[in-house]
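In this chain, residues are counted from 1 in sequence order.
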Amino acid sequence: MQIFVGERAYTVDADTSVETLKLMVENLEFVPSDLLCLSNGAALLEGGSLLANGVEEDDVLTMTLDAKGGMRGKWKKKRMRRLRRKRRKMRQRAR
C-alpha cells in the first residue's frame, strides 16, 4: 500500500511496523527516528503495525518533531521564588 508522510509517498505493506516506517523516513528526510512523531489524524502512531494503528491505503500521516519544552531548571527555581515572594507581599497588604 502507498501512504504519504509529509510531501513524500512511501510504499509499504500493511504489516510494516511503525519503527520501520520511521527508519524509512529517517533515510529520506534526515530526521532522527527517535525524535520523530507520526500521527494519523488525531491518533499518534506508537508501536505495532500500521494496520493495527488504523493506517489504510493512501492515508496522509503528519510528521512532527518530539522536542522537549520548558524552562531551564535554574530559571524555573528563580521564577518560583519571585512568585512566592510576590504572593506573600500581597497577602501582607491585604491584612
Side-chain angles (χ1 to χ4, degrees):
M1 74 179 177
Q2 185 176 18
I3 58 173
F4 298 92
V5 179
E7 304 272 326
R8 295 182 190 244
Y10 294 90
T11 305
V12 294
D13 294 328
D15 59 345
T16 303
S17 68
V18 175
E19 288 78 22
T20 306
L21 179 62
K22 284 184 178 183
L23 290 173
M24 292 170 71
V25 172
E26 180 182 10
N27 287 338
L28 292 176
E29 299 286 339
F30 304 108
V31 176
S33 62
D34 58 334
L35 295 178
L36 191 64
C37 287
L38 296 175
S39 58
N40 185 14
L44 282 174
L45 304 181
E46 292 295 327
S49 66
L50 295 176
L51 187 63
N53 282 302
V55 178
E56 299 173 354
E57 178 79 25
D58 294 330
D59 271 355
V60 178
L61 301 180
T62 308
M63 176 177 58
T64 56
L65 285 177
D66 184 28
K68 292 185 179 181
M71 35 172 113
R72 196 170 140 195
K74 184 178 179 181
W75 296 341
K76 186 175 182 181
K77 186 176 180 182
K78 189 172 185 178
R79 183 165 189 261
M80 294 309 292
R81 271 195 211 136
R82 284 182 186 159
L83 286 174
R84 264 188 253 122
R85 236 182 285 139
K86 185 176 180 180
R87 287 185 196 127
R88 197 177 311 129
K89 195 173 184 181
M90 294 300 287
R91 278 194 304 262
Q92 289 293 328
R93 286 184 184 169
R95 288 185 185 181

Asker: Do V12 and L50 come within less than 4.5 Å of each other through their side chains, counting heavy atoms only?
Answerer: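 Touching, per the 4.5 Å side-chain cut-off.
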Asker: Consider only side-chain heavy atoms of I, L, V, M, F, W and Y, link residues closer than 4.5 Å, and tell whether V60 and L28 are in one cluster.
Answerer: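 As far as the 4.5 Å side-chain criterion goes, L28 and V60 are not connected within one cluster.
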Asker: Are L44 and L36 grouped together when hydrophobic residues (ILVMFWY) are joined by side-chain heavy atoms under 4.5 angstrom apart?
Answerer: no
Asker: Are M63 and L65 connected in a single hydrophobic cluster, I mean Ile/Leu/Val/Met/Phe/Trp/Tyr linked by side-chain heavy atoms less than 4.5 Å apart?
Answerer: yes
Asker: Could you grab the distance from atom CG of L38 to atom CG of D66, nearest 0.5 Å is fine?
Answerer: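 The distance works out to 11.5 Å.
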Asker: Can you measure from OG (S49) to CG (L21) and round to the nearest 0.5 angstrom?
Answerer: 11.5 Å
Asker: So, using side-chain contact (heavy atoms from CB on, under 4.5 Å) as the criterion, who are the partners of E57 when residues are at least two apart?
Answerer: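 Applying side-chain contact (heavy atoms from CB on, under 4.5 Å) to E57 gives M1, Q2.
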Asker: Applying side chain to side chain donor-acceptor pair (under 3.5 Å) as the test, list every pair that has at least one member in residues 5-22; sequence neighbours left out.
Answerer: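 Passing the test, one end in residues 5-22: R8-E29, S17-T20.
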Asker: Out of curiosity, does L61 fall in the hydrophobic cluster containing F4 (side-chain heavy atoms, cut-off under 4.5 Å, transitive links)?
Answerer: no
Asker: Can you name the one residue among M80, R82, R81, K74 that meets side chain to side chain contact (heavy atoms under 4.5 Å, CB included) with K78?
Answerer: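 When M80, R82, R81, K74 are each tested with K78, the side chain to side chain contact (heavy atoms under 4.5 Å, CB included) holds only for R82.
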Asker: How long is the span from the CD atom in E46 to the SG atom in C37, to the nearest 0.5 Å?
Answerer: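 Interatomic distance, E46 CD to C37 SG, rounded to 0.5 Å: 7.5 Å.
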Asker: Just jot down the salt bridge (charged side-chain N to carboxylate O under 4.0 Å, His left out) partners of E56, sequence neighbours excluded, or say none.
Answerer: none
